[in-house]
Amino acid sequence: MNRLNKLFETRKNLLSIYFTAGFPNLNDTLVILQALQDSGVDFMEIGMPFSDPLADGPVIQASSTAALNNGMSLNLLFEQLQTVRQTISMPLVLMGYLNPVLKFGVEKFIQKCSEIGVDGVILPDLPFELFNREYRSMFESKGISNIFLITPQTPECRLRMLDEASTGFLYMVSSAAVTGAKSGISQSQIDYFERVNALNLNSPRMVGFGISDNESFKQVCKYANGAIIGSAFIRMIEKSSDIPGDTARFINAIRGGK
Amino acid sequence: MHQPNEEGFYGRFGGAFIPEMLIPNIEELESKYLNIISSESFQKEYHRLLNDYAGRPSPLFKAERLSSKYGANIWLKREDLNHTGSHKLNNTIGQILLAKEMGRQRIIAETGAGQHGVATATVCALMGLQCVVYMGETDMERQAPNVARMRMLGAEVRPALSGNRTLKDATNEALRDWIANPTDTFYLIGSVVGPHPYPDMVARLQSVISSEIKQQLKEKIGTELPDYVVACVGGGSNAAGSFYHFLDNPSVKLIGTEAAGLGVDSGETAASIACGDLGIIHGSMTYLMQSEDGQITEPYSISAGLDYPGIGPLHAWLKDCGRADYLPVTDDQALDAVMELTRLEGIIPALESAHALAALVMLPLKSSDNVVVTVSGRGDKDMKTYMERFSL
Ligand SMILES: Cc1ncc(COP(=O)(O)O)c(C=O)c1O
């Protein structure tokens, strides 16, 4: 049982925030994590920036480019996170693309995650079959969840296969889009959420991509364990000169506080 | 032995490293492409269009003055004479028939030099399908005539604004478009790159080049096997097509040339085999240029069509198992080859193709050797660069 599993057992209407490590400034990582924890976010996804993030829209692309220009790397990120568990108790998930992780070494990467206290990893371009064959036992022996994505186009048999293999949560991509697409929740998305609900899957589900405000957050919480917000948060901190204060106000607004 | 396995791997290269959003599309394509391509009706229509529309077979021309200069028999496979001016049309004709068969109404493509974009816009006009082409903003400037051609043909050209604004970035944008439009759109990839089954599919559709070379050599010199086949490699589609039917003829030496830009040690290069190592680009495991941290490096070449930091997985495999050799060619060497072919044979080649011709000085040729060089395209699109570099 890692922190993610405990969280899903005990709480509903979860809010997770994605941000890109190294953005807006190289050393903001711990500041942002602290601000998110203090604002009552349930867990955090730390983006490992990549030069060619092909599932991401313009906002996360630009933050990744800026982070890399600032000098962010996987080595540096792990250095920054070395002591994170002295102050941060929320579950932590690392999200990024496979190539930098391969270059770092998958085994070494998992080892580092385990030392630091990372609970889950999202690598959208890691093929399920390859994970299953080569990496699954490595993840499981360290108690680190590999998070799978599902989309409106994922057929039922594949949904069930991913559900079966999932140890953390299923990342439910809200619509056919890259991150940051502005949408509002449409009827066809609700149909998709209901269709997935009716499958009685074992794994908890978080909805991500295109969630940006209180209304979309509340709406998707009816059909899933919670939601993930990325681009909207990044747009906000890009302009922030008071990360703790602005984060608190942002999260409060999403949660529907005054 | 040079075919991909079921998961699309040539040895350790290839595969489909794609996010979940693309999996249904890729699986559908994977489950259908071989059946469709090998069907009689597809083959009939594909070859009708290759012959009557593209103008195939493309000539195999004995370049006499080039031959005497290099002391060997130099044959030019004239892909530059295809309709639209390059080998790219072979592939787009095949894929557009596939897209139609699969019921897709909207076609997207990436392009570097603009030749693949033009070839895609052309077949979309022919078939009456909607066409969106992604092109790096840098490339839109240096290949402006091709942008105008695409627009004339009714395509929408969307600038890619990330990275160096070249082919890699255009490919990212096309993949994002496909993620956002999963049901009505067909992604018509222009080279032997991307997730499986694209590398294999595009290689098959370009393999008409080597099947013609065999037949033409047989008629002209009585044997279908040359000593060398030489082609330039961006993603590697004209090279894959030129090599394809020779892969199992080990006496035929296969030479790919990649763009070294200002030189392999200059940091301004696109030589993925000389300067790259193993990694993932656009859904495929292959050789690519990357940093210590696994960030993909921005490439550089004077030639927009070769300005790509990776290489198709088939070529990575052929390099690894020793079946083909890959030579780096600099901007200046390519420009020399442009002028040489122009003045000796009256053929103005594309900058990309000039990288293949530049290999002639590097090969240890004997007078009995038969050397086939694929001239992948014509130089019209590069006149702006030629005017500047040759002070015309
Ligand atoms: C004339 C010509 N040759 C070669 C290429 C490189 O592509 P490939 O390596 O796939 O043949 C291009 C690409 O734009 C081209 O226009």
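Residue numbering restarts at 1 for every chain, and letters A, B, ... go by the order of the sequence lines. None of the values given here were measured: they were computed from a predicted structure.
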For the pair A:Leu130 and B:Glu7, evaluate side chain to side chain contact (heavy atoms under 4.5 Å, CB included) and give the outcome as yes or no after the intermediate values. CA-CA 10 Å; A:Leu130 180 69; B:Glu7 288 182 42; over 6 Å; no
* Within a strict 4.5 Å, meaning less than it, do heavy atoms of the A:Thr65 and B:Ser162 side chains meet? -> no
d(B:Glu20 CD, A:Tyr171 OH) to nearest 0.5 Å is 13.5 Å
Paired with A:Asp52, the side-chain contact (heavy atoms from CB on, under 4.5 Å) test is passed by just one of B:Asn172, B:Ile280, B:Ile281, namely B:Asn172
If you count heavy atoms of other groups shown closer than 6.0 angstrom to CG of B:Asp184, is the number above 12? yes
Assert top hit (heavy-atom pairs under 4.5 Å, partner chain A, pool B:Ile296, B:Thr297, B:Thr183) equals B:Ile296
Open item on the list: Looking at B:Glu6, I want to see if its CD is surrounded by more than 12 non-hydrogen atoms of other residues, nucleotides or ligands under 6.0 Å.
Closed with: no
Here the pair of heavy atoms bringing B:Phe17 nearest to A:Pro127 is CD2-CD, 3.4 Å
Heavy-atom nearest pair, A:Asn99 first then B:Gln290, reads ND2-OE1, 2.9 Å
Answer key: most heavy-atom pairs under 4.5 Å with chain A among B:Ala180, B:Gly163, B:Ala16, B:Gly15 is B:Ala180
Notebook entry, point to check: Between A:Lys103 and B:Asp293, is there a side-chain N and carboxylate O pair less than 4.0 Å apart?
Noted result: no
If one checks every heavy atom of B:Asp277 against chain A at 4.5 Å, the contacting part turns out to be side chain
*B:Glu292 and A:Phe104: side chain to side chain contact (heavy atoms under 4.5 Å, CB included), yes or no, with the steps?*
CA-CA 9 Å; B:Glu292 301 264 287; A:Phe104 189 84; over 6 Å; no
Scored by heavy-atom pairs under 4.5 Å with chain B, the best of A:Leu162, A:Leu54, A:Thr151 is A:Leu54
Under 4.5 Å to a heavy atom of chain B? For A:Leu123 that would be neither
To the nearest 0.5 Å, atom CG of A:Leu98 lies from atom CD1 of B:Ile18 at 13.0 Å
More than 12 heavy atoms of other residues, nucleotides or ligands under 6.0 Å from CD of A:Glu115: is that the case? yes
Honestly, the part of B:Ser291 sitting under 4.5 Å from a heavy atom of chain A is backbone
query: With no hydrogens and no angle check, is any side-chain donor or acceptor of B:Arg176 less than 3.5 Å from a backbone partner on A:Val178?
result: no
**OP:** State, yes or no, whether a side-chain contact exists between A:Thr154 and B:Ile23 at a heavy-atom distance under 4.5 Å.
**Re:** no
Under 4.5 Å to a heavy atom of chain B? For A:Leu126 that would be neither
May I ask you to decide if A:Pro49's main-chain N or O and B:Gln295's side chain share a donor-acceptor pair within less than 3.5 Å?
yes
Whatever's closer than 4.5 Å to a heavy atom in chain B on A:Leu74 counts as neither
Tightest non-hydrogen contact, residues A:Pro100 and B:Gly294, listed as CG-O, 3.7 Å
Item to check | B:Asn25 side chain near A:Gln153 side chain, heavy-atom distance below 4.5 Å | outcome: no
**Request:** Kindly determine whether B:Glu27 and A:Arg158 satisfy side chain to side chain contact (heavy atoms under 4.5 Å, CB included), including the steps that lead there.
**Result:** CA-CA 12 Å; B:Glu27 283 191 344; A:Arg158 191 171 168 90; 4.0 Å; yes
